[in-house]
2 protein chains.
Amino acid sequence: MNEAWQRQILAESGNGRISDQQIVDKIRRAVLTQRLPPNTRLPEGALGDIFGVSRSVVRKALTRLDAEHVVSLAPNQVARVRAPNIDETRDTFVARRLVEGEVVALLAGKLTAAQLADLEKMVAGEADAYRRGDEGARIEQSLRIHHLLAELSPNRVLGSILTDLILRTSIVIALYRRDGLASCYLEGDHPRLLAHLRAGEAEAARGAIVDHLNALERLMDLGSRDASIDLMEILGGRRVG
Amino acid sequence: MNEAWQRQILAESGNGRISDQQIVDKIRRAVLTQRLPPNTRLPEGALGDIFGVSRSVVRKALTRLDAEHVVSLAPNQVARVRAPNIDETRDTFVARRLVEGEVVALLAGKLTAAQLADLEKMVAGEADAYRRGDEGARIEQSLRIHHLLAELSPNRVLGSILTDLILRTSIVIALYRRDGLASCYLEGDHPRLLAHLRAGEAEAARGAIVDHLNALERLMDLGSRDASIDLMEILGGRRVG
DNA sequence: TGCAAAAAAAGTGTATACACTTTCTGTCGA
DNA sequence: TCGACAGAAAGTGTATACACTTTTTTTGCA
């Protein structure tokens with residue numbers, strides 16, 4: 001189909017031999033930024049050519065990406081960029097609220113001054129990007145904040161589960177984002193969270209992150225397209241709204 | 001080292017060609033039952049010979065097992081059965097209490113009669129194995145109950161996270177189990193949980209599973225060996241107790 | 001004897017070849 | 001015109017070869 005690919009999209013570094021982990025990173029990032037949209041075919045041979053490695057290396061990278069839920073792999077089928085449906089999206093948000101809520105509750109009052117300063121800086125950077133109107137930078141900065149929280153989690157198991165859930169929600173946000181409301185910035189959410197973390201108010205911190213994630217979820221278009229509508233399209237029906 | 005391996009341990013089926021997923025299952029099960037103890041070396045060539053496949057297939061299986069936290073893979077090093085330390089064990093239990101608690105809360109009052117009957121049968125089987133004194137069968141049955149709960153989770157994302165956490169806690173239980181108390185059966189825990197699920201008492205169900213997991217964790221030997229003791233051994237110190 | 005360097009062995013990393021499967025494409029008949 | 005079928009093309013599955021790295025063993029010297 002669209003084999004008018006991607007030398008650009010997966011911009012090759014040109015220099016020394018690339019590792020499978022670097023391939024994982026590049027594909028993950030391309031999916032996250034929607035330069036590789038859902039269902040895009042990812043044939044091993046083509047990827048190998050692009051990155052200048054053989055299929056062995058590509059296969060390892062794809063197996064990893066499958067485990068991270070970024071691509072889907074089925075026997076004898078070409079790998080594809082994963083396309084989570086609405087139900088899975090909702091489930092992912094539920095899971096993330098549970099886990100991220102617990103992580104920030106554990107974190108409340110336990111952060112060092114340096115760690116708080118790092119977070120502070122990122123929150124400021126996010127607000128700044130918003131004021132500049134640089135939506136891309138704002139999203140990037142916001143993601144970094146959440147990833148840092150996951151990394152700081154005193155419970156490493158919950159931390160790595162959270163890292164995975166942040167990635168998965170980010171992918172579906174990019175996918176289901178209401179176009180008009182793309183830049184609706186949830187002002188004040190992150191500063192509020194930070195204040196509770198600093199004050200050691202565990203339950204308030206949990207509440208803040210849960211509210212934030214609820215608001216994020218509401219920015220998406222989850223109500224209007226559901227399974228029945230897909231079915232209508234397949235059967236040649238007409239969309240109502 | 002111990003290359004007096006395993007044709008027995010990973011009992012080959014003998015018949016038709018084996019798939020990488022089957023290899024994953026066999027190794028996982030061998031780890032779970034401690035026929036492959038922590039840190040056991042798993043060279044690709046040896047595994048390939050045992051299963052009658054080439055290293056390509058084995059590599060894929062090992063990559064998957066790495067993602068499931070069953071083995072650990074490092075560049076240019078032989079794969080090894082993973083050996084979680086005490087801190088990770090504690091963290092895994094915390095995570096599992098959080099996730100399994102939420103899953104059973106979601107499940108309360110939502111199970112069909114058939115699903116409840118299935119659970120009932122397993123709980124009865126567990127009690128029966130206990131009465132017979134068949135510890136292996138009892139553990140097997142108990143594991144099955146928890147895996148079924150994960151599978152029934154209405155939230156599939158939480159369900160698959162739970163599946164992973166059940167596996168990880170099972171491995172560490174096998175690893176850190178106090179030898180004398182191995183067969184201390186937590187009588188009544190599962191029937192109690194089931195009653196709450198049937199009655200639709202979400203918070204009581206959550207409480208029951210959390211209590212159950214706390215009791216499970218207490219069966220282990222987590223206090224007595226910690227990092228400092230390992231260090232002492234390395235430095236030639238003498239154990240205190 | 002002890003220990004360090006060299007050699008051998010064991011093992012992983014990766015490219016490649018070929019068998020097999022799936023998907024696409026174009027042709028022929030109703 | 002349309003569907004079914006054959007053949008070609010695209011793609012995955014797996015074994016194998018060889019380069020490179022790590023670990024173990026041996027050797028030789030103080």
Side-chain angles (χ1 to χ4, degrees), chain A residues 1-7 10 12-27 36 38-67 70-83 236, chain B residues 1-7 10 12-27 36 39-67 70-83 234 236:
Chain A
M1 313 232 146
N2 69 341
E3 245 44 12
W5 258 81
Q6 287 79 358
R7 213 145 285 262
L10 299 166
E12 58 203 296
S13 42
N15 47 4
R17 202 164 264 75
I18 203 170
S19 81
D20 60 314
Q21 196 53 61
Q22 287 175 283
I23 295 178
V24 168
D25 291 342
K26 289 206 173 192
I27 294 179
L36 290 178
N39 285 317
T40 304
R41 289 161 49 90
L42 299 171
E44 298 171 358
L47 292 174
D49 291 348
I50 290 170
F51 292 119
V53 296
S54 78
R55 282 175 52 213
S56 334
V57 182
V58 172
R59 271 168 93 68
K60 188 166 190 174
L62 287 176
T63 305
R64 292 240 171 88
L65 287 164
D66 181 51
V70 174
V71 309
S72 73
L73 239 41
N76 285 312
Q77 308 250 129
V78 69
R80 284 172 183 276
V81 175
R82 228 168 143 242
Chain B
M1 306 229 150
N2 68 340
E3 245 42 14
W5 259 79
Q6 272 78 347
R7 213 146 285 261
L10 299 164
E12 58 203 296
S13 41
N15 47 3
R17 202 164 264 75
I18 204 170
S19 81
D20 60 315
Q21 196 53 60
Q22 288 175 283
I23 295 178
V24 168
D25 292 342
K26 290 205 173 191
I27 295 180
L36 290 179
N39 285 317
T40 304
R41 290 161 49 90
L42 300 171
E44 299 172 359
L47 292 174
D49 291 347
I50 289 170
F51 293 118
V53 296
S54 77
R55 282 177 51 215
S56 332
V57 181
V58 172
R59 270 168 93 68
K60 189 165 190 176
L62 288 175
T63 306
R64 292 240 171 87
L65 287 164
D66 181 51
V70 174
V71 310
S72 73
L73 240 41
N76 285 312
Q77 309 248 128
V78 69
R80 284 174 182 277
V81 174
R82 234 176 133 234
I234 290 165

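Below, chain A is the first sequence line, B the second, and so on; all start at residue 1. The structure presented is a predicted model; accordingly, all values stated were derived computationally and were not measured.
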*So, is Arg59(A) near the phosphate of dG13(D), with a side-chain N or O under 4.0 Å from OP1 or OP2?*
yes
_Do Ile23(A) and Val57(A) make a side-chain contact, defined as non-hydrogen atoms from C-beta onward lying under 4.5 Å apart?_
yes
*Whole angstrom is fine here: how far is it from CZ in Phe51(B) over to P in dT14(D)?*
14 Å
_5' precedence on DNA chain C between Pro75(A) and Pro75(B) (nearest-nucleotide basis)_ = Pro75(B)
*More 5' along DNA chain D: Ser56(A) or Leu62(A), using each one's nearest nucleotide?*
Leu62(A)
*Classify the side chain of Arg55(A) and the base of dG11(D) as holding, or not holding, a donor-acceptor pair under 3.5 Å.*
no
*How many Å lie between CG on Leu47(B) and C1' on dA10(C), as a whole number?*
14 Å
*Whole angstrom value for the distance that separates C1' of dA17(D) from CD of Glu44(B)*: 15 Å
_Asn76(A) CG to dT14(D) C1', straight-line distance once rounded to whole Å_ = 12 Å
_Leu42(B): which of Leu65(B), Val78(B), Leu36(B) passes side chain to side chain contact (heavy atoms under 4.5 Å, CB included)_ = Leu36(B)
*Taking CD from Gln77(B) and P from dT21(D), how many angstroms apart are they, rounded to a whole number?*
14 Å
_Quick check for you: to the nearest 0.5 Å, what is the distance between Ile27(B) atom CD1 and Thr40(B) atom OG1?_
11.0 Å
*Can you tell me how far the CG atom of Leu47(B) sits from the OG atom of Ser54(B), to the nearest 0.5 Å?*
12.0 Å
*Would you mind reading off the distance between Arg41(B) atom CZ and dG11(C) atom P, rounded to a whole angstrom?*
5 Å
*How long is the line joining NZ of Lys60(B) and P of dT12(D), in whole Å?*
10 Å
*Using whole Å, report how far CG of Asp49(A) lies from P of dT16(C).*
11 Å
